[in-house]
Amino acid sequence: MRDRLTSIDPAAVAELETTDDTPDHSLPPLPNIEEYEQVRMRLAPNPNAPYHLGHARMPAVIGTYKERYDGWMLCRFDDTDPETKRPDLAAYDQILEDVAFLGFEPDEVLIASDRLELYYDHARTVIDAGGAYTCSCPAGEFSELKAAGEACPHRDTPIDTVNKEFEEMVEGVVSSGERVLRIRSELGHDNPAVRDWVAFRMVDTPHPRDEAKSYRCWPLLDFQSAIDDHLTAVTHIIRGIDLQDSAKRQRYVYDYLDWTYPEVVHWGRVKVDEYDVPLSASSIRELIEAGSLAGWDDPRAPTIASLRRRGIRGEAITAAMVELGTSTSSAELSMSWIYSNNRDLIDTEAPRVFLVREGRPFDLEGATSPAKVPVHPDHDDRGVRRLDPRDGVLLEPADVPALGESVWLKGLGCVVRGEDDILSLTDDGIEVVRDGSVDVIHWVPQGDTQPVELRRPTGTVTGLAEAGLSSHGTDTMVQFERIGFARIDEQTEQTVAYFAHR
RNA sequence: GCUCCGUUGGUGUAGUCCGGCCAAUCAUUUCGGCCUUUCGAGCCGAUGACCUGGGUUCAAAUCCCAGACGGAGCACCA
């Protein structure tokens, strides 16, 4: 068919191929976009810790949709729990930096703890509409009533009383645990998660932000987020499956206020392979406080800051998150995906360097001049590294040949191992490598080296690199040949490098 | 216990709405070949999947029923 068309009209074939159905984006289209003038979305981070890998999904996916639909993106810090999920003042900026690192810029930034009066106002409207009541049941008791589908005695409180009692909450004359404001939904609702949920509660602990430290009456996510989504004209809510029942609860608020609920997309759980540390801000924090991790950017931590320090580009992470899509089923993210993306990004620029870990010294006989090895095998114009083996070489223990066996020292030639740790150059040509009988290994000259500390997710190793390593500046990505790519983190009398990936 | 959601190779994803062109896409991983004085990259190739059982149909990954398995929620957390 195609062959026939080619013979009749080659231009038509070319057009078929360019307009082909290959999508530019791997993300599924957002629902009902034609009904909105502009696609408006929000990131809703809780600023209680810097981002970990799981958090990256939100900015990566929403940011990609923003670019695709020329949409609008809000970053709204949902910091309405001064106690259990106590905000970390440093995290607000760190999260914004993490988002920028992933490649996106919010069109607007809002902080929920600046907006309490707004939430109170809307609560008053809901109360007047008969949509909420104050309740002083202990949490456990209410939970039992709820499970049974029965009303608590406060459900019939007159609106005037509810108003008065809510104002007391706002004024802060009520203490934590004494009273809450509940949204009236349906006690007979099939889903117990939806029945008369809490919209506001008292928190005795002051908020860490000065702007908010005097408030004691705090909204819960379902209420705060519901109000803000409407006020900022969000059209598409994109979030995790853990909030799947949230929409069902929030719709009651929207009904009382006569608003229309946005479109919702939920994605499933993500797990990441290769890490022993769980993908949870609280676990990471515990490990840091216990001293098991050096900080949020420890190479063993599954955080954005850590990947960044290892020289993983934000684009590589974003691409993997986008590839993960928005399926509601659980997914496992392979780090190899991110590594593969990153290799594409850094391979051309990364200079090659020899690093020998736990080197074993050998004398070398027969060498008459320094070896020349390319800085980058694909770019001759970047020159060569000169390594002089005449004072002996260091080899990695795993590379040392057995007595009488040969190896090929990269850039130098074939050597055979004799008695007394002496290597002798042979006159073998490269054919011995081609036919597979001799392995090619890296090496460094004894006495002309730069000490290296290589910090990896699996632990730190030390070694000696060729002296030229010291000429590369901080942040340079190098490839330690046969070991992998690493980012130079610190250059002093020794080099500290963070391992990225093979 | 109640409610909701999901299940395509090791991993992720396309296809499922509107059954046939699906002996199932693309990527990653692993393995092999070519090339390359390493690794990586590049090129070529291989391995590998429709949860199970019924039903409807000329035809089912796709529709229906049942089951299994997995995930989420039922917080005065987000």
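All figures in this text were calculated on a predicted structure; none of them were measured in a lab. Chain A is the first sequence line, chain B the second, and so forth, proteins listed ahead of strands; every chain is numbered from 1.
- Environment of CD in A/Glu358: sparse, with no more than 12 heavy atoms of neighbouring residues, nucleotides or ligands closer than 6.0 Å.
- Just one residue in the list A/Arg184, A/Arg182, A/Arg155, A/Arg249 forms a salt bridge (Lys or Arg N to Asp or Glu O under 4.0 Å) with A/Asp196, and that residue is A/Arg155.
- Side chain to side chain, A/Arg76 and A/Ser225 meet the donor-acceptor criterion of an N or O pair below 3.5 Å.
- At the phosphate of B/A75, OP1 or OP2 sits under 4.0 Å from a side-chain N or O atom of A/Ser143.
- If you measure from atom NE2 of A/His266 to atom C1' of B/A78, you get 13 Å, rounded to the nearest angstrom.
- Using a 4.0 Å heavy-atom criterion, one finds that A/Gly411 contacts the bases of the nucleic acid, with or without backbone contacts as well.
- Near RNA chain B, meaning a heavy atom under 4.0 Å from it, residues 170-182 of chain A has A/Gly177, A/Val180 in order of number.
- Judged by distance alone, with hydrogens and angles left aside, A/Glu323 brings no side-chain donor or acceptor close enough to the base of B/A27 to form a pair under 3.5 Å.
- Among the nucleotides B/G73, B/U11, B/G40, the one closest to the side chain of A/Ser334 is B/U11.
- Distance, A/Leu355 CG to B/U38 C1': 14 Å, rounded to whole Å.
- For a distance-only test at 3.5 Å, the side chain of A/Asp347 qualifies as a donor-acceptor partner of the base of B/G40.
- Taking atom CE of residue A/Met477 and atom C1' of nucleotide B/G40, one finds them 13 Å apart after rounding to whole Å.
- The side chain of A/Arg269 contributes an N or O atom lying less than 4.0 Å from OP1 or OP2 of B/A72.
- Within a 6.0 Å radius of CZ in A/Arg285, more than 12 heavy atoms belonging to other residues, nucleotides or ligands are found.
- Counting any heavy atom pair closer than 4.0 Å across all strands shown, A/Leu220 reaches sugar-phosphate atoms only and no base atom.
- Side-chain N/O atoms of A/Asp378 and base N/O atoms of B/G40 include a donor-acceptor pair closer than 3.5 Å.
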Table of protein N/O atoms under 3.5 Å from nucleotides 29-32 of chain B N/O atoms:
unit_1, atom_1, unit_2, atom_2, d
B/U29, OP1, A/Arg343, NH2, 3.3

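- Annotation for A/Arg502: atom CZ does not count as buried by contact number, only 12 or fewer foreign heavy atoms lying within 6.0 Å.
- Nucleic acid contact class of A/Ser225 (heavy atoms, under 4.0 Å, all strands): none.
- In this structure, A/Ala139 reaches the bases: a heavy-atom distance under 4.0 Å links it to at least one base atom across the strands shown.
- If you check every strand for non-hydrogen atoms under 4.0 Å, A/Cys217 touches nothing.
- We find that CD of A/Glu144 is positioned 15 Å from C1' of B/A75, with the value rounded to whole Å.
- Backbone-only engagement by A/Thr80 is indicated by non-hydrogen atom pairs under 4.0 Å involving sugar-phosphate atoms exclusively.
- In this structure, of B/G42, B/C77, B/G73, it is B/G73 that holds the atom nearest to the side chain of A/Pro192.
- The side chain of A/Ser329 lies closest to B/G6, out of B/G6, B/C39, B/A78.
- Which of B/G71, B/G10, B/U3 sits closest to the side chain of A/Asn191 comes down to B/U3.
- Residues passing the side-chain hydrogen bond (donor to acceptor under 3.5 Å, both in side chains) test with A/Ser329 are A/Ser327, sequence neighbours excluded.
- Rounded to an integer number of Å, the gap from NZ of A/Lys410 to C1' of B/C39 is 9 Å.
- Seen from the ring of A/Phe354, A/Arg482 does not count as a face-on cation partner, given the 6.0 Å and 45° thresholds.
- The residue A/Asp242 sits close to a base: some heavy atom pair falls under 4.0 Å.
- A salt bridge links A/Arg179 with A/Glu168; the closest basic N to acidic carboxylate O contact falls under 4.0 Å.
- Among the atoms of the strands shown, only primed sugar atoms or phosphate atoms (P, OP1, OP2) are found under 4.0 Å from some heavy atom of A/Leu324.
- Separation of the A/Trp218 and A/His207 ring centroids falls under the 6.0 Å cut-off.
- Here B/U37 is the nucleotide among B/C4, B/U37, B/G40 with the atom lying nearest to any side-chain atom of A/Trp408.
- Between A/Lys146 and the phosphate of B/A75, there is a side-chain N or O to OP1/OP2 separation shorter than 4.0 Å.
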**OP:** Could you go through the side-chain contact (heavy atoms from CB on, under 4.5 Å) check for A/Asp79 and A/Arg209 one step at a time?
**Re:** CA-CA 10 Å; A/Asp79 57 347; A/Arg209 292 182 68 238; 3.7 Å; yes
Original post:
What pattern of brackets, bars and dots sums up RNA chain B from 5' to 3', given Watson-Crick or G-U wobble pairs under 3.5 Å, [ ] for crossing pairs and | for another strand?
Top reply: (((((((..(((.......[.....))).(((((.......)))))....(((((..]....))))))))))))....
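- Remark: the separation of the P atoms in B/G73 and B/U28 is 34 Å, to the nearest Å.
- A centroid separation of less than 6.0 Å is found between the aromatic rings of A/Phe77 and A/Tyr92.
- Here the two rings, on A/His154 and A/Tyr133, have centers that are 6.0 Å apart or farther.
- Rounded to whole angstrom, the span from the CG atom of A/Leu279 across to the P atom of B/G71 amounts to 16 Å.
- The list of salt bridge (Lys or Arg N to Asp or Glu O under 4.0 Å) pairs with a residue in residues 367-381 of chain A, not counting sequence neighbours, is empty.
- Between A/His379 atom NE2 and B/A41 atom P the separation is 14 Å, expressed in whole Å.
- In terms of polar N and O atoms assigned as donor or acceptor, the side chain of A/Gln479 never comes within less than 3.5 Å of the base of B/G40 in a complementary pairing.
- Proximity note for A/Glu332 (side chain, C-beta onward) versus B/G12, B/C77, B/C39: the nearest is B/G12.
- The distance between the ring centers of A/Phe200 and A/Phe166 falls below 6.0 angstrom.
- A heavy atom closer than 4.0 Å to some atom of RNA chain B occurs in A/Val198, A/Arg201, these being the qualifying members of residues 197-206 of chain A.
- One atom, CZ of A/Arg482, and another, C1' of B/U37, lie 12 Å apart when rounded to the nearest Å.
- Classification of A/Asp81 and A/Arg86 as a salt-bridged pair fails, no side-chain N sitting under 4.0 Å from a carboxylate O.
- Across B/A78, B/U38, B/G71, the shortest atom-to-atom separation from the side chain of A/Asn46 is found for B/A78.
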